[in-house]
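Everything on this sheet refers to the single structure shown next.
Each chain gets a letter, A, B and so on, in the order the sequences are listed, and its residues count up from 1.
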Number of protein chains: 4
Amino acid sequence: MTRTVGSHGPTTSLAIRKAGLRLITEHGFEAMSLRQLAAEVGLQTASLYNHIKTKQHLLFELIHEHLTALLEQTDAALAQVAGESPTRRLERFVLHHLTYHMEKKREVFVANFELRGLSPENYKVIVALRRRYEARLIAILDEGVAAGMFDLLDTQVAAYAILAMLTGACTWYRPDGRLSTDDVVMLHTKMLLNGCLHLAGGNTPS
Amino acid sequence: MTRTVGSHGPTTSLAIRKAGLRLITEHGFEAMSLRQLAAEVGLQTASLYNHIKTKQHLLFELIHEHLTALLEQTDAALAQVAGESPTRRLERFVLHHLTYHMEKKREVFVANFELRGLSPENYKVIVALRRRYEARLIAILDEGVAAGMFDLLDTQVAAYAILAMLTGACTWYRPDGRLSTDDVVMLHTKMLLNGCLHLAGGNTPS
Amino acid sequence: MTRTVGSHGPTTSLAIRKAGLRLITEHGFEAMSLRQLAAEVGLQTASLYNHIKTKQHLLFELIHEHLTALLEQTDAALAQVAGESPTRRLERFVLHHLTYHMEKKREVFVANFELRGLSPENYKVIVALRRRYEARLIAILDEGVAAGMFDLLDTQVAAYAILAMLTGACTWYRPDGRLSTDDVVMLHTKMLLNGCLHLAGGNTPS
Amino acid sequence: MTRTVGSHGPTTSLAIRKAGLRLITEHGFEAMSLRQLAAEVGLQTASLYNHIKTKQHLLFELIHEHLTALLEQTDAALAQVAGESPTRRLERFVLHHLTYHMEKKREVFVANFELRGLSPENYKVIVALRRRYEARLIAILDEGVAAGMFDLLDTQVAAYAILAMLTGACTWYRPDGRLSTDDVVMLHTKMLLNGCLHLAGGNTPS
DNA sequence: TATGAATGAGAGTTCATTCAT
DNA sequence: CATGAATGAACTCTCATTCAT
């Protein structure tokens, strides 16, 4: 009754998803062929269809799983600083976003830059999830502005700008690069916090 | 300056490039077919080859022309503030980057997110051009740090972060949206300048 | 005669054959997929192979069973009018053919229009059975001609023509249509008998 | 300026259609592969698409062209006997139907037995054409009944029966067979006319 | 008896590109 | 400068069938 270790339980499905992420990251979704994917996993192309519904659905699943996990973990992280100051909460958000994104580079990349490959219906679902994530940040910024601590013309645009910067990090960050994750986090945290804060001197750009 | 009316020579080529930009933006380079492109311009597919060398070369041209123009205009813009303070120069850079990017949304998008479609040789050329552009910003940041005005752990990473934020703007910016270009420029300028400046109080993150 | 309830052994096999007939009728043999068939019966495709040898063999079985039954019943019907006049025997043949065919529309359709799907060996077997059936009709026509009652140039061709007409009926006949089976039988019997009879006046076509 | 004889004008398109008819007749529409078809014509599969829209559309075209021609020629034939007796007109119809069908066996076969391969929309169009053809025969039968010359319970059903018999002829008729076309025509004409006529003696089936 | 997974073959269709006209 | 036709490669996906469990 014991299942042979390593044998075809969810193993193959996982391998497909993992290889899929890699290939999509490298060549783009449209440019990745199922032949390639199958070869990577050591299957015939036809066998893929025992594990995925269609190529399109695979893309959807990969992005959906990523966004769901991201949302969940973000909420958990923010729960730790519930009731604290907007600055503290923003700091926490940045920390979590960066660590998560630097760890799951591939998932992030796909979820951010391969939305074009989604069918219209799938696209809608994914965009809704993204909106929910953005809403977390916007809420923090709104609190900060309401408390007179943040100085932002428009919290939604500010949120987009912040996310663009943070997510951009996962594009160029290399684990074996010059900077540690801590460095990257510190650098971005400082830039963004300073950028949002209402500064006494009022050094608005000339 | 005179051009014989009806000699639609360059006209067709321009139309192809314009439609190409649009289709690549919408569907991605790999997903855009030359059939589509030809139809868009009112030609048969075969006729495209009177105006482009290959599909690959079209992509290269589009990106190359964009980057060349961007570099040229950036240098012109910075020349206007030669010798001024790093803050002023950074402000100028941000202003120019944003206005240019919000005006040429499609070119920017293609040049940023379709590099994967380039052949290795073409990729090298383009990346070199991008490096030169990034170098302009890094230089400004370096000056600022050297002058003790900017407080940045790593100017290269800071430059990437800044560019990610700025370029991100062209992704979500809609000319008919809630914010004017001026608003967008002001908002980003303020965030970034504050983010870079060496603040007296020393509000390092907790 | 007793069969353990729940031992759905033959039940499943029957369900498969029934669904097979339906699907082949609707989509054609080549166009029917075993996936479809399995789904129709509530099985996985692989499980079908516990009940059929191959797709090809299923087709063969369906047709073979039909033709065997048809032959058997036809002989029984004709036995009832053994020794009677060719006219009476022809009448009986027509009656039986039509009633049988209108009742087993699907079997008839498959046996008539899906022979192309048979493998060469299976094809031979089936065609031999059909020949035997046609022979029954030809024999009646021959008797009629010999007795001077039927006026037919060629009894084989006449048999084909008659069968074509009769079998055609099963194509358009709808149980819930305008005509009852009795109507259909009467109409065809009259047409065919008149068509075969040696008419006194000799109304040969001009 | 003169076009090379035999060169690629409509020649290739015609060859495709001709080979298509043959292959569909032999293997059935679904079973015919475009690879086969291309090979038959000496092309690469892809090249077919310079001449056909899709496989489905090819089928539609073949049937549509056939039915259109059939209708047209039938009307021409019937025009020759306009105003004559129903018997004469029926005779003419039978003659034309048989000669046309024995000459264009393949077209007839496809148009009669491959309707299942048509998409729902195409199916509708084709069925409408067939209805128009059947209407020609029904009209003749109606005239005959009205004039008291034909004895038919139901002209529509009679028409179906007649067409089934006539069309069936094209299934088994072989140009090199035992019977000449004339024989076949005479045999069927006699059977059908006798079958329809109102006979003095009133030999209704017992 | 039923199943999930695997397979090899092959389906229709689209692709970028070439070339004679 | 534009075109229709041709090409070879590649695409996603489905097929009937097998086999260990």
Side-chain angles (χ1 to χ4, degrees), chain A residues 1-4 7-13 30-38 41-56 58, chain B residues 7-9 11-13 30-38 41-58, chain C residues 7-9 11-13 30-38 41-58, chain D residues 1 3-4 7-13 30-38 41-58:
Chain A
M1 230 24 170
T2 61
R3 183 180 277 277
T4 321
S7 98
H8 22 347
T11 311
T12 308
S13 277
E30 318 252 11
M32 172 195 73
S33 89
L34 292 187
R35 272 162 170 65
Q36 266 182 300
L37 178 54
V41 191
L43 287 180
Q44 290 300 112
T45 312
S47 307
L48 288 178
Y49 284 84
N50 288 318
H51 304 276
I52 69 175
K53 215 155 65 79
T54 63
K55 195 193 178 194
Q56 161 69 210
L58 172 61
Chain B
S7 130
H8 47 304
T11 306
T12 306
S13 274
E30 317 251 13
M32 171 196 74
S33 87
L34 291 190
R35 267 167 178 61
Q36 267 180 297
L37 178 53
V41 191
L43 286 180
Q44 289 304 111
T45 313
S47 310
L48 286 178
Y49 285 82
N50 291 316
H51 304 275
I52 68 175
K53 210 153 69 80
T54 66
K55 194 192 179 196
Q56 163 70 211
H57 192 71
L58 172 61
Chain C
S7 126
H8 47 301
T11 307
T12 306
S13 275
E30 317 252 13
M32 172 195 72
S33 86
L34 291 190
R35 268 166 177 61
Q36 267 181 298
L37 179 52
V41 192
L43 287 179
Q44 289 303 113
T45 313
S47 310
L48 287 178
Y49 284 83
N50 290 316
H51 303 275
I52 68 175
K53 212 154 68 79
T54 65
K55 194 192 178 195
Q56 163 68 211
H57 192 71
L58 172 61
Chain D
M1 227 25 170
R3 184 181 279 272
T4 321
S7 96
H8 22 346
T11 311
T12 307
S13 275
E30 319 250 12
M32 172 196 73
S33 87
L34 292 188
R35 274 159 170 69
Q36 266 181 298
L37 178 53
V41 192
L43 285 181
Q44 290 300 114
T45 312
S47 308
L48 287 178
Y49 284 84
N50 289 318
H51 304 276
I52 69 175
K53 215 154 67 80
T54 63
K55 195 192 178 196
Q56 162 70 210
H57 193 72
L58 172 62

Most 5' of B:Lys55 and D:Met32 on DNA chain E, judged by nearest nucleotide |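 By nearest-heavy-atom nucleotide position, the 5'-most residue is D:Met32.
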How far does [atom1] of [X] sit from [atom2] of [Y], to the nearest 0.5 angstrom?
X       : Y       : atom1 : atom2 : answer
B:Ile52 : B:Ser47 : CD1   : OG    : 11.0 Å
D:Leu34 : D:Thr54 : CG    : OG1   : 9.0 Å
B:Leu48 : B:Arg35 : CG    : CZ    : 11.0 Å

Using whole Å, report how far [atom1] of [X] lies from [atom2] of [N].
X       : N      : atom1 : atom2 : value
A:Leu37 : F:dA10 : CG    : P     : 17 Å
A:Ile52 : F:dT14 : CD1   : P     : 10 Å
C:Glu30 : E:dA11 : CD    : C1'   : 13 Å
B:Gln56 : E:dT17 : CD    : P     : 9 Å
C:Leu58 : F:dC15 : CG    : P     : 16 Å
C:Tyr49 : F:dC19 : OH    : C1'   : 13 Å

Can you name the side chain to side chain contact (heavy atoms under 4.5 Å, CB included) partners of A:Gln36, sequence neighbours left out?
-> A:Leu23, A:His27, A:Met32, A:Ser33
Please determine if a side-chain N or O atom of D:His51 lies less than 4.0 Å away from the OP1 or OP2 oxygen of F:dG4.
-> no
Verify the contact: side-chain N or O of A:Ser33 to OP1 or OP2 of F:dA10, cut-off strictly under 4.0 Å; return yes or no.
->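 So the side-chain polar atoms of A:Ser33 never come under 4.0 Å of the phosphate oxygens OP1 or OP2 of F:dA10.
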Per D:Thr12 side chain, nearest of listed nucleotides E:dG12, E:dA16, F:dA6 =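 The nucleotide sitting nearest to the side chain is F:dA6.
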Please produce a list of atom pairs where a protein N or O lies less than 3.5 Å from an N or O of nucleotides 7-9 of chain E.
{"unit_1": "E:dT7", "atom_1": "OP2", "unit_2": "A:Gln44", "atom_2": "N", "d": "3.1"}
{"unit_1": "E:dT7", "atom_1": "OP2", "unit_2": "A:Ser47", "atom_2": "OG", "d": "3.1"}
{"unit_1": "E:dG8", "atom_1": "OP2", "unit_2": "A:Gln44", "atom_2": "OE1", "d": "3.2"}

Can you give the dot-bracket line for DNA chain E, using ( ) for pairs inside the strand, [ ] for pairs that cross earlier ones, | for pairs with another strand and . for unpaired bases, where Watson-Crick and G-U count if both distances are under 3.5 Å?
-> .||||||||||||||||||||
Heavy-atom pair of closest approach, residues A:Glu30 and B:Glu30 | CB-CB, 4.4 Å
Validation row: B:Leu58, B:Leu37 side chains within 4.5 angstrom (heavy atoms) = yes
